[in-house]
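Here the structure is laid out as structure tokens; the discussion comes afterwards.
First the proteins, then the strands, lettered A, B, ... as listed; each starts at 1.
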2 protein chains.
Amino acid sequence: MIEGAHMVTLSDVAKQANVSKMTVSRVINHPEQVTPELKQLVEDAIIALNYQPNSVAKALANNRTNVIKVAILEDIDTTEPYYMSLLFGVAKGLDRKGYALQLVTDRARLSVGNVADGFIVTGARSEDIPLIDSLSQPTVIFGENHNGYDFIDTDNKEGTALATAYALAKSYQSVIFIGIDVKESFEYSREAGYINTLQQHKIVPKIHRMGNHSHQSQAFVNDNWRKFARNTCFICASDRLAIGVERAIIQNGGNIPNDFAVIGFDGVFLDQVANPQLTTVKQPVQKLGELLARMLIQKIAQSGAQQGELLVSPELVKRGTTRN
Amino acid sequence: MIEGAHMVTLSDVAKQANVSKMTVSRVINHPEQVTPELKQLVEDAIIALNYQPNSVAKALANNRTNVIKVAILEDIDTTEPYYMSLLFGVAKGLDRKGYALQLVTDRARLSVGNVADGFIVTGARSEDIPLIDSLSQPTVIFGENHNGYDFIDTDNKEGTALATAYALAKSYQSVIFIGIDVKESFEYSREAGYINTLQQHKIVPKIHRMGNHSHQSQAFVNDNWRKFARNTCFICASDRLAIGVERAIIQNGGNIPNDFAVIGFDGVFLDQVANPQLTTVKQPVQKLGELLARMLIQKIAQSGAQQGELLVSPELVKRGTTRN
DNA sequence: TTGTAAGCGTTATCAT
DNA sequence: ATGATAACGCTTACAA
């Protein structure tokens, strides 16, 4: 361990450059307010001394904390790998601007303690609206919603539209949607992308909904196996569902991808664990995390101004569960 | 959004209680130094005003940052769900003590910027030793090592010993170990637990090592299928390997768990995705994270004093891939 | 444009 | 045991 020699402060730089502390502060925060000559002197001194601003002091003076609270409200008994990627993105985006984060899973701890400069909320359901409204600092949401909150999400509709169009292009005759039985925006959008695309081809949609567990979709396909004609593609609202469908098809001796196809949604971890690996709508999860951080930081800089919504295009990753 | 009324400070509490700021500060940090009567007065005032200490000011006065950097050095292209649980544990442990965290994956960014009060390092390999040595603040490691660093890990040896003993107790005749071909402490320990237990029963160990990918173990079992007698249990150094073994057995028409058994290691996410679900050595990952936070916080409080090593017992979770 | 002074909320130090 | 004062490193407000 290297023990910290004397920390270099604004005063040190000021002395070195023969100016006042304020001039140094201005060079850093409002460089346009200082003459080029002085600016140069100060910048040289900063480099010479390897000055690193003390973010804690800065935070105190600005009445900030430099901390963003990230709430994951969804139940993660299953430890969704999804959130790992998201968190990495968020952490990366925050780190760059000198913010640290506090991870919160307990709703009660969200507004407790040394509150934060802002909040990123994920996995929120309708019943969390009062909680979100009660937050005292700028907040952005991960996941589409129609409550007027600033949010970022994958373009879910586009995702299933891509998948459905691809299934049709690959000449699968029957295209069935396996959805999640929750009344949430993202699910409606995923179904809409499927429905719209089919209707453009004058085909009647077939949707089945169930809990988001591989064994449920597996059981569903098993139970109805004889009803599925050959040349069917299952479009699933999650990779979890897709993996169950895939297993059931294999169990029943169905040929993937010639007679049956499966397309998942998410593209995080599970799709690669499947065998064969899933064709899936891959969400740019880490990028979404970075965008969340960026949006929140900007919102903070603009004293909480509305940021609107941002839908990011997913990518259809073509693999073993659909025809070439 | 609720805009913060005037923040309650030490001074406010002091005024309310008719004491000096210092007395209030002492009640909070060194309560033994203040008389019971005053202490009571101050505590009442704190409650009456709902005083929350400003951690930023505290940090400045103490020359702290209230930030812990968490380094995940392992390549996580595959987004190991493992780290999600660990991070949750760490975050929970830190949060309770008012620390925030910064997630670092880029080695170069570890010591950059407004450095932290301490470091938690995971996924470190031998080549990272210089990096760890260069850290300027108290550090604890996740993962066993013999370089003298304070660390916390699952008791790997105990884990595979449990698994092996269980396989023998369930009367599997042949017990084969599928290991990971890395020269790391954790792998040696896992192999040792297996070897020791077999030797106690005068049985000769059989170990095969490969990369930690399900398709590699799957290929291995496929390629050698005819060499495996019935009544064989495969003890795997990871759930990833186990899932590949399981798939290969099913592909070859082997009966699980009557003729062939599989025991994994980790117990994070993958074990439940498998079908049938894996019997596995479950690491208490989230708890490990909390312990890491706790150890580091204590180390900081003790000005960096050595904390030693801590091995936590895993649990054998009995499921579908072994006999009842 | 630049500098001076005061203040952010806390704690350490030294008196009393 | 309690209190007054200075200090942590920075920024805002005002003066020059």
Side-chain angles (χ1 to χ4, degrees), chain A residues 4-43 45-46 49-67 98 113-115 117 300-301 303, chain B residues 4-43 45-46 49-67 97-99 113-115 117 300-301 303:
Chain A
H6 176 61
M7 176 186 232
V8 180
T9 71
L10 263 193
S11 304
D12 299 323
V13 177
K15 229 168 276 172
Q16 168 95 4
N18 263 310
V19 297
S20 74
K21 297 198 296 183
M22 272 318 298
T23 303
V24 179
S25 175
R26 288 198 184 95
V27 168
I28 293 171
N29 298 303
H30 310 284
E32 74 284 357
Q33 295 178 6
V34 53
T35 52
E37 300 82 58
L38 278 194
K39 188 156 68 175
Q40 189 59 52
L41 277 174
V42 169
E43 283 168 346
I46 286 178
L49 299 177
N50 185 29
Y51 168 67
Q52 308 270 73
N54 179 318
S55 64
V56 174
K58 187 181 284 202
L60 179 60
N62 289 328
N63 192 27
R64 290 275 172 77
T65 64
N66 282 342
V67 169
N114 344 292
V115 187
D117 293 344
I300 293 170
S303 330
Chain B
H6 176 62
M7 177 184 232
V8 180
T9 72
L10 264 192
S11 305
D12 299 322
V13 177
K15 229 168 277 171
Q16 168 95 4
N18 264 312
V19 297
S20 75
K21 297 197 296 181
M22 271 319 296
T23 303
V24 180
S25 175
R26 287 197 184 96
V27 168
I28 294 171
N29 298 304
H30 309 285
E32 74 284 357
Q33 294 179 7
V34 53
T35 52
E37 301 82 54
L38 278 193
K39 188 155 66 175
Q40 190 58 52
L41 277 174
V42 170
E43 282 167 348
I46 287 178
L49 300 176
N50 185 29
Y51 167 69
Q52 308 271 75
N54 180 318
S55 64
V56 175
K58 188 181 281 203
L60 179 61
N62 289 328
N63 192 25
R64 290 274 170 78
T65 64
N66 283 343
V67 169
K97 299 290 183 178
Y99 283 94
N114 343 294
V115 186
D117 292 344
I300 292 171
S303 330

Separation between OG1 of Thr9(B) and CD of Gln52(B), rounded to the nearest 0.5 Å = 13.0 Å
Show me the side-chain donor-acceptor pairs of residues 28-38 of chain A shorter than 3.5 Å, one per line, residues at least two apart or across chains.
{"unit_1": "Asn29(A)", "atom_1": "ND2", "unit_2": "Ser25(A)", "atom_2": "O", "d": "3.2"}

How far does CZ of Arg26(B) sit from NZ of Lys39(B), to the nearest 0.5 angstrom?
-> 13.5 Å
Do the side chain of Asn66(A) and the main chain of Ser55(A) share a donor and acceptor less than 3.5 angstrom apart?
-> yes
Which heavy-atom pair separates Val56(B) from Arg64(A) by the least distance, and what is that distance?
-> CG2-O, 3.5 Å
Could you pull out all residues at least two apart from Asn18(A) that satisfy side chain to side chain contact (heavy atoms under 4.5 Å, CB included)?
-> none
Hits for side chain to side chain donor-acceptor pair (under 3.5 Å) against Ser20(B), two or more places apart or cross-chain, chain-then-number order -> Thr23(B)
For DNA chain D, which residues in residues 32-42 of chain A have a heavy atom at a distance below 4.0 Å?
-> none
Along DNA chain D, 5' to 3', what are the outermost nucleotides having an atom less than 4.0 Å from a heavy atom of chain B?
-> dA1(D) to dG9(D)
Which is true for Asn63(B) with a 4.0 Å heavy-atom rule: it touches a base, it touches only sugar-phosphate, or it touches nothing?
-> nothing
Taking for Leu60(A) and for His30(A) the nucleotide of DNA chain D with the nearest heavy atom, the one nearer the 5' end belongs to Leu60(A)
Mind checking side chain to side chain contact (heavy atoms under 4.5 Å, CB included) for Asn63(B) and listing every partner two or more places apart, or none if nothing turns up?
-> none
5' to 3' on DNA chain C, which nucleotides open and close the contacts with chain B (atom under 4.0 Å from a heavy atom)?
-> dG9(C) to dT13(C)
May I have the step-by-step check of side chain to side chain contact (heavy atoms under 4.5 Å, CB included) for Val19(A) and Val24(A), ending in yes or no?
-> CA-CA 7 Å; Val19(A) 297; Val24(A) 179; 3.9 Å; yes
Closest non-hydrogen atom pair, Met7(B) against Asp12(B) | O-OD2, 3.5 Å
Nearest heavy-atom pair of Val115(B) and Thr65(B): which atoms, and what distance?
-> O-CG2, 3.2 Å
Residues forming a side chain to side chain donor-acceptor pair (under 3.5 Å) with Gln40(A), sequence neighbours excluded = Asp44(A)
DNA chain C-proximal residues of residues 15-29 of chain A, any heavy atom under 4.0 Å | Val19(A), Ser20(A), Met22(A), Thr23(A), Arg26(A)
Sequence-distant partners of Lys15(A), side chain to side chain contact (heavy atoms under 4.5 Å, CB included), two or more places apart = none
Apply side chain to side chain contact (heavy atoms under 4.5 Å, CB included) to Ala57(B) and list each qualifying residue two or more places apart in sequence or on a separate chain.
-> Leu60(A), Asn54(B)
Students should find that the end-to-end axis angle of the helix from dT1(C)-dA16(D) to dT16(C)-dA1(D), with five pairs defining each axis and rounding to 10 degrees, is 40°
Mind listing the closest non-hydrogen atom pair of Val27(B) and Glu43(B) along with its distance?
-> CG1-CG, 4.1 Å
